[in-house]
Engineer: 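Before we start, here is the structure in question, set down as C-alpha cells.
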Amino acid sequence: MVVAPRRSVFRDAAAVAGGVTVGTTMGHLAGEAITSLFGGGRRQQVEQALPPNYNYDQEPSGPCAYEISQFLSCATNRPNIEECEGFKQALLECKRRNRIP
C-alpha cells in the first residue's frame, strides 16, 4: 500500500518564502545593476530599452519579463553593450507586440 505524503502548511509556507526571497533578490540585483554598474551613455541605452516606469526593485514581470531579464543579464555581464543587441531587439519586439511604449 502506497501512502501519499501529507501536505504541510509549514512546508508550503517555506517554499513560498523561498521563492519570494529569490525573486526579491533578483529584483534588487537588477536595480543595483542599473543604478551602479551602468554609467553615462550605457545607462541611457539600457533604460531606453526597458518599459517606461520600470521598477528596478522588483523581479521583472508582465508580458516581457523574460526578455527584460535576459537583456539585463547580458548588459550586466558584458563589457560592451553592443554584444547585447540581440537581447535588446527581442525586448523591443516584445514591447511592440504587447503595445508597451
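Positions are given from 1, in the same order as the sequence printed here. Every heavy atom of this structure was used, including side-chain atoms; hydrogens, water molecules and symmetry mates were not.
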Engineer: May I ask you to decide if Ser69's main-chain N or O and Ser73's side chain share a donor-acceptor pair within less than 3.5 Å?
Structural biologist: no
Engineer: So, for Asn55 and Asp57, which heavy atoms are closest and what is the spacing to 0.1 Å?
Structural biologist: OD1-N, 3.0 Å
Engineer: Would you compute the distance between atom SG of Cys84 and atom CD of Gln70 and round it to the nearest 0.5 angstrom?
Structural biologist: 10.5 Å
Engineer: Evaluate side-chain hydrogen bond (donor to acceptor under 3.5 Å, both in side chains) for Gln89 paired with Glu85, printing each intermediate quantity in order.
Structural biologist: CA-CA 6 Å; Gln89 290 305 316; Glu85 188 62 28; 2.6 Å; yes
Engineer: Got a second to check how far Ile100's CD1 is from Tyr54's OH, nearest 0.5 Å?
Structural biologist: 12.0 Å
Engineer: First locate atom CD of Gln44, then atom CD1 of Ile81, and finally report the distance between them rounded to the nearest 0.5 Å.
Structural biologist: 11.0 Å
Engineer: With sequence neighbours left out, what residues match Glu67 under side chain to side chain contact (heavy atoms under 4.5 Å, CB included)?
Structural biologist: Cys64, Ala90, Leu91, Cys94, Arg97
Engineer: Indicate yes or no: at least one non-hydrogen side-chain atom of Leu92 is less than 4.5 angstrom from one of Lys88.
Structural biologist: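 Side chain of Leu92 against side chain of Lys88, heavy atoms only: contact under 4.5 Å found.
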Engineer: Which pair of non-hydrogen atoms, one from Pro52 and one from Pro101, has the smallest distance, and what is that distance?
Structural biologist: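 Closest approach of Pro52 to Pro101, heavy atoms only: CD-O, 3.0 Å.
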Engineer: Phe87 versus Ile68: any side-chain heavy-atom pair under 4.5 Å?
Structural biologist: no
